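The structure appears below as structure tokens.
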There are 2 protein chains.
Amino acid sequence: MRLVVATCQVDYAGRLSAHLPMATRVLMIKADGSVLVHSDGGSYKPLNWMSPPCTLREGLTEDGRTEWVVTSKTDDTLRITIEEIHHESAHDLGVDPGLQKDGVEKHLQELLADHPATLSDGLTLVRREFPTAIGPVDLMCRDAEGLSVAVEIKRRGDIDGVEQLTRYLELLNRDPLLTGKGTVRGIFAAQEIKPQARVLAEDRGIACAVVDYDALRGLDDPTERLF
Amino acid sequence: MRLVVATCQVDYAGRLSAHLPMATRVLMIKADGSVLVHSDGGSYKPLNWMSPPCTLREGLTEDGRTEWVVTSKTDDTLRITIEEIHHESAHDLGVDPGLQKDGVEKHLQELLADHPATLSDGLTLVRREFPTAIGPVDLMCRDAEGLSVAVEIKRRGDIDGVEQLTRYLELLNRDPLLTGKGTVRGIFAAQEIKPQARVLAEDRGIACAVVDYDALRGLDDPTERLF
DNA sequence: CATTCGATGTCGTCT
DNA sequence: AGACGACGTCGAATG
């Protein structure tokens with residue numbers, strides 16, 4: 001890992017073209033040759049970058065300034081013209097042991113699979129990741145009357161999720177095995193449901209369920225936590 | 001901008017929980033207090049981070065190690081426990097002049113608005129960003145027979161785009177002013193169309209058009225380029 | 001290898 | 001401020 005603070009100009013050509021005028025920035029060069037150009041603001045996304053695999057060539061411009069040219073296999077090019085280097089250091093970091101995560105959609109699905117009745121009274125699980133021709137339904141359940149209920153789970157309930165569940169329901173309702181006792185209902189479950197998504201869902205007869213992750217986790221054995 | 005290379009452990013609690021075991025990493029602290037934790041691999045995304053607005057407090061753990069606690073307004077917390085600092089430096093970068101881009105969907109839309117006939121013979125533009133109750137149609141056109149044609153433009157033609165155009169067509173076909181001469185057709189235009197999207201579109205009677213950005217740009221005045 | 005789908009997505013733009 | 005769509009989306013899981 002090389003860290004360089006330099007006054008530089010950056011040009012990228014690839015899927016799009018982008019240009020950064022001359023200014024002072026931080027350049028991070030990782031062991032795999034990838035390069036990140038960071039300013040002192042914004043979020044974690046660099047102003048410009050080159051993803052690995054790529055190669056960095058150091059050279060000189062016609063007027064004698066240092067120039068880095070980073071190229072990827074797909075001919076994307078990042079050209080960094082350096083006017084002045086203010087700081088430079090190199091460090092051996094070794095391989096990172098990596099990140100452990102807990103609390104993403106998969107966990108939400110696991111929790112709801114264990115406690116389907118929190119979505120609707122009397123609901124029981126038939127199967128998780130119920131397969132259909134156009135992809136798996138998150139939860140397939142049965143209600144107190146024995147009717148099939150398809151549940152789509154999102155962390156954030158957007159219009160896309162409603163469309164997805166609609167496609168599933170359309171398909172499922174053509175299956176006589178499922179519709180024997182009546183129409184397959186849908187439940188759209190998310191930690192947060194956007195107003196437009198709610199309107200669209202309810203317009204299509206799909207119920208919305210806002211899920212409390214922490215409360216659900218409380219119902220579960222606390223020793224099962226990752227860390 | 002502060003750059004620190006340190007052996008550290010990182011814990012994040014917010015929308016999810018995440019944990020990084022003790023290892024040597026680069027910590028980037030931006031002027032706005034945001035923090036990025038980078039390893040010597042991966043892509044431009046940090047292993048962990050805190051986005052602004054946030055505040056960093058430096059303290060000591062019970063066993064006397066340095067600890068940084070970064071908290072956001074929404075109570076997200078990033079806790080960095082430092083075992084050893086290998087390098088530290090601070091730099092004044094100033095405000096970055098910012099990025100100029102060229103070649104995104106907006107340009108594609110402009111180019112197709114200038115050359116609608118490349119989508120379908122005899123097509124002429126009625127209006128860009130044609131307003132409807134559920135959002136603007138990218139291009140509203142008329143074909144040689146005087147029938148209305150709605151065009152949805154994407155860089156990458158995904159199933160979502162077909163759904164979007166379908167919603168527009170549903171609405172537009174309820175408007176007697178547009179349907180006077182016949183049904184409003186749809187054209188789904190993209191630089192690349194995914195197989196599933198193509199199948200769905202054609203099943204719904206929506207034509208697909210693969211767009212060659214470079215060729216279109218060639219039709220245009222080359223002096224209009226940004227840089 | 002291609003495709004699909006989630007993401008602490010992030011980022012612009014518009015209401 | 002909230003909603004919405006694009007992104008050089010990235011990245012993991014899966015067929």
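Keep in mind the model is a prediction, meaning the values are calculated, not measured. The figures that follow rest on heavy atoms only: side chains count, while hydrogens, waters and symmetry mates do not.
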field: Contacts of type side-chain contact (heavy atoms from CB on, under 4.5 Å), residue T61(B), not counting sequence neighbours
entry: D63(B), R65(B), E67(B), T81(B)
field: Whole-Å gap separating C1' (dT4(C)) and CD (E163(A))
entry: 17 Å
- request: Find which nucleotide of DNA chain D each of E192(A) and L47(A) is nearest to by heavy atoms, and output the residue with the more 5' nucleotide.
  value: E192(A)
Atom-pair distance (CG on L108(A); P on dG6(C)), nearest Å: 12 Å
- prompt: Which nucleotide in the set dA3(D), dG8(D), dC11(C) lies at the smallest distance from any side-chain heavy atom of K194(A)?
  reply: dA3(D)
- prompt: Side chains of D102(B) and Q100(B): do they bring a donor and an acceptor to under 3.5 Å?
  reply: no
- line: Closest to the 5' end of DNA chain D, once R15(A) and A197(A) are matched to their nearest nucleotides, is A197(A)
task: Can you tell me which residue pairs pass the salt bridge (charged side-chain N to carboxylate O under 4.0 Å, His left out) test with a partner in residues 160-169 of chain A, sequence neighbours excluded?
output: E163(A)-R204(A), E163(A)-R167(B), R167(A)-E163(B)
- prompt: Can you check the R198(A) CZ to dG2(D) P distance for me, whole Å?
  reply: 16 Å
- request: Taking atom types as modelled, find out whether Q9(A) and E83(A) have a side-chain donor-acceptor pair closer than 3.5 angstrom.
  value: no
message: In this structure, how many angstroms lie between the P atom of dC11(C) and the CH2 atom of W49(B), rounded?
response: 11 Å
- prompt: If you measure only the distance, is there a donor-acceptor pair under 3.5 Å linking the side chains of K30(A) and H38(B)?
  reply: yes
Using atom names, set out every protein N or O paired with an N or O of nucleotides 5-7 of chain D below 3.5 Å, distance rounded to 0.1 Å.
residue : atom : partner : partner atom : Å
dA6(D)  : OP1  : E105(B) : OE1          : 3.2
dA6(D)  : OP1  : K154(B) : NZ           : 2.2
dA6(D)  : OP2  : K154(B) : NZ           : 2.7
dC7(D)  : OP1  : E105(B) : N            : 3.0
dC7(D)  : OP2  : R155(B) : NE           : 3.4

query: So, are E152(B) and K154(B) salt-bridged, with charged N and O less than 4.0 Å apart?
result: yes
query: Nearest-Å distance, CZ (R79(A)) to C1' (dG8(D))?
result: 17 Å
- prompt: Is a salt bridge present between R25(B) and D96(A), judged by a nitrogen-to-oxygen distance below 4.0 Å?
  reply: yes
field: Y44(B): ring pair (Phe, Tyr, Trp, His ring centres under 6.0 Å) partners, not counting sequence neighbours
entry: W49(A)
field: DNA chain D base-pair string [pairs: Watson-Crick or G-U under 3.5 Å; |: paired with another strand]
entry: |||||||.|||||||
query: Is there a side-chain polar atom (N or O) of S51(A) under 4.0 Å from OP1 or OP2 of dG8(D)?
result: no
task: Give the rounded distance in Å between these two atoms: CG of L36(A) and P of dC10(D).
output: 12 Å
query: For D212(B), which residues count as a salt bridge (Lys or Arg N to Asp or Glu O under 4.0 Å) partner, sequence neighbours excluded?
result: none
- request: For H107(A) and dA12(D), give me the distance from atom NE2 to atom C1', rounded to whole Å.
  value: 14 Å
- line: When rounded to whole Å, the NZ to C1' distance for the pair K73(A) and dC1(C) reads 18 Å
